[in-house]
Structures are given as structure tokens and as C-alpha cells.
Protein chains: 2
Amino acid sequence: MNDTSEKEAPDVNRQLAQRLRDARSERGWSLDRTAQETGVSKAMLGQIERGKSSPTVATLWKIATGFRCSLSSFLAPPPASGPAIFRNADAVRARPASDPMLVAPLFPFEPRVGFEWLELTLAPGYTRESEPHAPGVVEHIVVIENSMEVLIEGEWHRLQAGDAVRFAADRPHGYRNSSDEPALCHNLIHYPAMHGQDISPAGA
Amino acid sequence: MNDTSEKEAPDVNRQLAQRLRDARSERGWSLDRTAQETGVSKAMLGQIERGKSSPTVATLWKIATGFRCSLSSFLAPPPASGPAIFRNADAVRARPASDPMLVAPLFPFEPRVGFEWLELTLAPGYTRESEPHAPGVVEHIVVIENSMEVLIEGEWHRLQAGDAVRFAADRPHGYRNSSDEPALCHNLIHYPAMHGQDISPAGA
DNA sequence: TAATTTTGTACGTTATAGCGCACAAACCAA
DNA sequence: TTGGTTTGTGCGCTATAACGTACAAAATTA
């Protein structure tokens with residue numbers, strides 16, 4: 001079926017193995033010491049380093065916590081800039097079971113930029129009032145084709161093609177298309193940076 | 001010893017479960033469909049969504065690949081709040097003195113979100129090669145009307161309406177419109193915040 | 001050199017991730 | 001209603017993650 005599954009699957013393990021090795025040698029920790037700090041057996045740590053084992057996210061969390069760095073730092077190839085990512089709205093457009101609306105995740109959520117970028121197609125007559133998101137979430141609506149209405153702070157605002165609005169999405173809001181043409185818009189949802197935690201000098 | 005291992009271990013699984021649920025419902029995919037796209041059995045997908053199972057990084061990689069998004073997007077917390085701002089592209093559209101191109105700053109740079117969002121109108125025959133931006137700057141181009149070409153890593157890529165691309169803008173890049181119709185696109189420029197990414201191997 | 005300590009790896013067992021299949025509830029057509 | 005399809009979940013089995021222990025090689029002593 002999906003030939004992409006096997007292509008780089010080992011690669012992610014090798015990546016992880018390398019990063020674990022680096023993190024450990026950077027601190028001069030032995031496997032024993034690392035086992036104590038992370039709560040993961042040294043046998044398993046050794047296997048992961050050799051690429052012989054693919055840890056679960058639970059144990060990876062233990063490892064990251066033991067090293068006092070973020071989970072993704074073990075997975076994401078941090079070297080500055082990644083390759084270009086091409087997307088096509090037609091290819092990723094799909095209809096959620098719950099809604100008579102087409103959603104195309106142009107750019108799924110990515111921690112580095114902190115937002116996800118969706119293309120929405122609202123059928124004529126479509127209406128949807130959305131629950132508040134988490135605190136700090138900001139939405140941006142830009143109308144591409146035809147017109148639609150956005151519910152903000154209890155009021156409906158009509159937007160035409162070329163109109164845009166930024167609003168706090170941590171309170172009730174909604175969208176509707178009261179025209180007889182399908183409305184096309186972009187919806188960029190920005191989540192506030194979270195990283196508040198970890199990172200402390202190992203002085204304990 | 002280290003009792004921190006158990007405190008939030010389940011939490012990372014719940015986080016992951018939620019994001020998987022969201023990603024799936026966002027696309028309107030059933031468990032079956034998701035199993036086909038990712039190459040992971042639907043039984044396992046169901047268990048992960050219910051927090052009953054902590055996948056290995058290998059299977060998490062399969063899932064992320066199936067959803068065409070990054071590994072860390074499933075681990076990095078779906079994070080943790082101004083009046084609404086209405087904008088209209090026609091009203092803010094202007095021609096820079098330097099370029100035969102129309103620029104409409106839909107949303108000027110705002111530290112809170114870390115990006116600026118421009119609407120560009122490229123006249124037929126327009127071409128422009130841009131100097132690299134600061135390190136870590138990421139650009140997003142989404143074509144709204146007609147077609148254009150983007151220069152990335154020394155190669156020109158043709159984009160049609162509905163196509164999108166994300167690329168590192170800290171190296172030479174450019175845009176051109178070799179058609180005979182004006183091309184309309186959005187350009188979102190994201191500037192890295194201080195937070196960057198952590199991982200502090202202070203021991204070096 | 002022979003002892004001791006410390007390193008990483010190999011072995012055997014248990015826990016569980018992951019699979020295929022089958023089932024029950026919900027949905028749709030007739 | 002009936003029958004067919006699609007949804008998600010439960011069950012048994014296999015593969016393997018994860019553990020504790022034991023072992024061999026290198027490092028540090030005397």
C-alpha cells in the first residue's frame with residue numbers, strides 16, 4: 001500500500017540513536033549514569049543507541065526528561081532550515097464527517113512557526129458555531145472567493161473576497177455562508193508558544 | 001531516585017492521543033482510512049487515540065508521514081490571549097517604489113504571532129530575485145489566482161492556484177510571473193522568536 | 001603482572017506494542 | 001422493519017520493547 005512507510009523508517013531510529021549518543025557523550029555520562037538520570041534501563045539505552053530498538057514515546061519522554069531537554073529535540077533534525085515543502089490544496093482537501101465543509105490542511109501545525117494553515121470551503125447555507133479554543137489562540141480568516149460571515153464577540157461580520165480578520169479564538173466564534181455560492185477562505189490558527197518548562201542547569 | 005519519570009508519563013500519551021484525534025477529524029478520515037494512509041493498523045490507531053497504548057517512534061513516524069506532517073507536531077504540546085482586526089486587501093494594496101508589484105500587508109508584523117502576511121500581485125513578466133533574510137526566517141507562498149514560479153535552492157518551481165510551498169528564506173530565493181495574466185498570491189513571512197529551540201548541552 | 005573498577009554488550013524473562021480478525025452499534029437504502 | 005455498509009472497539013496471537021542480570025573488554029589501581 002503505502003511505500004513511504006518503509007523508506008525512511010529506519011532513518012528516524014538512526015537519527016534518534018545519534019542524538020542520544022551525542023547528548024550522552026556531551027555530558028560525559030555513562031550508560032549507568034544515564035539509566036539513573038532517566039529511569040530507563042541501561043540495556044535499553046544501549047540498544048537505542050545502536051539502532052536496535054525503537055523506543056515508545058513514553059520511554060522517549062523519560063529520556064528527554066532525564067536529559068532536561070524537549071522531546072522533539074531528539075526527533076527533529078534541528079539543523080537550521082529544512083527542505084522546502086510543497087503543498088496542493090486539491091490534494092489534501094477532505095470533508096470531515098461532522099461537517100458539510102471541505103478542509104484542506106495547507107500547512108499542518110508545526111511547533112517552529114506555531115500555527116496551522118487551513119483552506120476551508122463553505123457550502124451554501126453552511127453555518128457552524130465553534131467552541132472556544134485554548135487561551136491565547138488567535139485565528140485569521142482571509143476570504144479568497146465569494147463571501148461569508150464570521151461571528152466574533154456575538155456579532156456576525158460579512159467578509160468579501162480580499163477581506164481578512166484577526167480575532168481571539170479563545171471565546172465562542174463561528175462561520176457561515178448565507179449566499180448561494182460556495183465560499184473559499186483561508187484559516188490560520190496560531191497557538192501561543194508553550195515551551196515554558198524544562199531547561200535548568202544540571203546543578204541539582 | 002528519580003521519581004519524576006512517572007509523574008507526567010501518561011500525560012504525553014494523552015497529548016498525543018488528542019493531537020491524533022484532531023488531525024484525523026480535521027481531515028474527516030476514519031480509522032480505516034487512516035490505517036491505509038499511515039500503514040498502521042486501525043486497532044493500534046484506536047488504542048493510541050484512547051491513550052491505551054504508547055507507540056514507538058517508528059510507528060509514530062509512520063503516522064506523521066501518513067498525515068504528511070512532522071514528527072514533533074504530534075508531541076509538541078497543542079499549547080497552552082485584543083479586539084478583532086479587520087483588513088481589506090483592496091484598501092491596503094500599494095505599489096512599492098522599487099518594484100512593479102502590488103503589495104498588500106494583510107497583517108503587518110506582530111511579535112505575538114511572529115509573522116507578517118502579505119498579498120502580492122505579480123504583473124505579467126515580473127521577476128525578482130530576493131536576498132536572503134535573517135537566519136531562521138521561513139516563507140510561505142500560497143497561490144490564489146493564476147500561476148507563478150518560485151526560486152528555491154537554485155531551482156524554479158511552477159505553482160498553480162491552490163499550490164503552496166514553505167521554504168527557508170535565509171538563502172537566495174525569488175519570484176516571477178512568466179505568464180500573461182497577473183498572478184495573485186499570499187506571502188507569509190515567519191521570523192524566529194528568541195525561544196528558538198532549546199536543547200542546552202551546557203556541559204560542552 | 002594480577003586485582004579492582006568501569007565500560008558497554010549479550011542473554012533470558014516479562015510486559016506490551018502491533019497485527020489480523022471478528023464483533024456490536026450506528027448509518028443508509030430499500 | 002430488513003439487509004448491507006461503515007463506524008469504532010474487543011480478543012487472541014506474534015513481534016518486540018524493556019527489564020534485571022551476567023558477562024567480556026578496557027581502564028585504573030597496586
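Chain naming here is simple, since letters A, B, ... match the order of the sequence lines and numbering starts at 1 in each.
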Take atom [atom1] of [X] and atom [atom2] of [N], then tell me their distance rounded to the nearest Å.
X	N	atom1	atom2	answer
A:L16	D:dA17	CG	P	12 Å
B:L20	C:dA17	CG	P	15 Å
B:L60	C:dA17	CG	P	13 Å
A:D32	D:dC19	CG	C1'	14 Å

Side chain of [X], backbone of [Y]: donor and acceptor closer than 3.5 Å?
X	Y	answer
B:N177	B:L122	yes
B:R24	B:W29	yes
A:S53	A:Q47	no
B:N187	B:L118	no

Task: Bend angle of the helix from C:dG8-D:dC23 to C:dC23-D:dG8, from helix axes over five pairs at each end, nearest 10° - done: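 Inter-axis angle at the ends, rounded: 40°.
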Could you tell me whether the phosphate oxygens of [N], OP1 or OP2, come under 4.0 Å of any side-chain nitrogen or oxygen in [X]?
X	N	value
A:R33	C:dG8	no
B:S41	C:dG20	no
A:S54	D:dT16	no
A:R24	C:dT7	no
B:S30	D:dT7	yes

Open item on the list: Given C:dG18, D:dG8, D:dA18, identify the nucleotide with an atom nearest to the side chain of B:L31.
Closed with: D:dG8
Task: Candidates C:dC19, C:dT9, D:dC19 - which lies nearest the side chain of B:K62 - done: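 The answer is C:dC19, which lies nearest to the side chain.
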For residues [X] and [Y], determine if any side-chain heavy atom of one lies less than 4.5 Å from a side-chain heavy atom of the other.
X	Y	value
B:R176	B:L151	no
A:S178	A:R158	yes
B:R171	B:H173	no

Open item on the list: What I want to find out is whether B:E37 reaches B:R27 closely enough, with some N-O distance under 4.0 Å, to be called a salt bridge.
Closed with: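 No salt bridge links B:E37 with B:R27.
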- [ ] Tell me which residues in residues 43-53 of chain B put a heavy atom below 4.0 Å from DNA chain C, sorted by number, or none.
- [x]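 Heavy-atom contacts with DNA chain C come from B:A43, B:M44, B:K52, B:S53.
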TODO: Compute the ring centroids of A:F107 and B:H190, then answer whether they are less than 6.0 Å apart.
DONE: no
TODO: Would you mind telling me which residue lines up with the more 5' stretch of DNA chain C, B:K42 or B:T56, judged by nearest nucleotide?
DONE: B:T56
